[in-house]
Amino acid sequence: QVQLVESGGDLVRAGGSLKLSCAASGSFFIINTMAWYRQAPGKQRELVATITRGGSTNYADSVKGRFTISRDNVKNSVYLQMNSLKPEDTAVYYCQAQTTYGPFWGQGTQVTVSS
């Protein structure tokens, strides 16, 4: 079983920055790709960014150039640096880890961007 705990969500003004963190714990063989997803009210959950164990990254077009995903394999953690935030970035952000036992999700952290 793998537990993921996100932190760092907050209320911020448009143009501001936030850094989300997600730490994995529990019994697992290896964590492969880690990702951040988000879900805004009334919308489907969408992929924001992914990072492989080797550090290769991929971003949704809507966040390219503004968000940066990173990870620390020793700490089994993944981060999302969010800059130039927009009101449309408002959502619950979820961390996901792909492990030997399948995908696991965190409980989510709320990010609210005011205009």
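All heavy atoms count here, side chains included; hydrogens, waters and symmetry mates do not. These figures come from a predicted structure and were not determined experimentally.
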V111 reachable from W36 in the ILVMFWY side-chain graph, under 4.5 Å edges: yes

Euclidean distance, R71 CZ relative to N76 CG, rounded to 0.5 Å: 8.0 Å

For the student: nearest non-hydrogen atoms of S17 and S84, plus distance: OG-N, 4.3 Å

Y101 side chain reached by Q1 side chain, heavy atoms, under 4.5 Å: no

Y93 side chain reached by C22 side chain, heavy atoms, under 4.5 Å: no

Short side-chain to backbone donor-acceptor contact, N73 and R53, under 3.5 Å: yes

Backbone N/O of I69 and side chain of Y59: donor-acceptor pair under 3.5 Å: yes

Reported OG1-to-CZ distance for the pair T57 and F67, which is rounded to 0.5 angstrom: 14.0 Å

Considering all heavy atoms, the nearest V48-V63 contact: O-CG2, 3.7 Å

G9 versus T109, closest heavy-atom pair with distance: N-OG1, 3.1 Å

Cluster check L80, I31: I/L/V/M/F/W/Y, side chain < 4.5 angstrom: yes

Backbone N/O of C95 and side chain of E6: donor-acceptor pair under 3.5 Å: yes

Check: Q39 side chain, A91 main-chain N or O, donor-acceptor pair, under 3.5 Å: no

Among T68, D72, I51, side-chain contact (heavy atoms from CB on, under 4.5 Å) partner for Y79: D72

Residue pair D61, K64: steps toward the salt bridge (charged side-chain N to carboxylate O under 4.0 Å, His left out) verdict: CA-CA 5 Å; D61 288 342; K64 280 182 182 176; 3.1 Å; yes

Backbone N/O of R38 and side chain of E46: donor-acceptor pair under 3.5 Å: no

For P87 against S115, the heavy-atom pair lying closest together: CG-CB, 3.9 Å

Shortest non-hydrogen contact between G8 and L18, atoms and distance: O-CD2, 3.9 Å

Hphob cluster co-occupancy, V78 + Y37, side-chain heavy atoms under 4.5 angstrom: no

Hydrophobic cluster identity match, M82 and Y94, side-chain contacts under 4.5 Å: no

Stepwise side chain to side chain contact (heavy atoms under 4.5 Å, CB included) check, N32 with I30: CA-CA 6 Å; N32 297 310; I30 192 169; 3.8 Å; yes

L47-V92 co-clustered via ILVMFWY side chain contacts under 4.5 Å: yes

Reported CG-to-CE distance for the pair L4 and M34, which is rounded to 0.5 angstrom: 6.0 Å

Any donor-acceptor pair under 3.5 Å from T112 side chain to T90 backbone: no

Contact summary for R66 and D89, nearest pair of heavy atoms: NH1-OD2, 2.7 Å

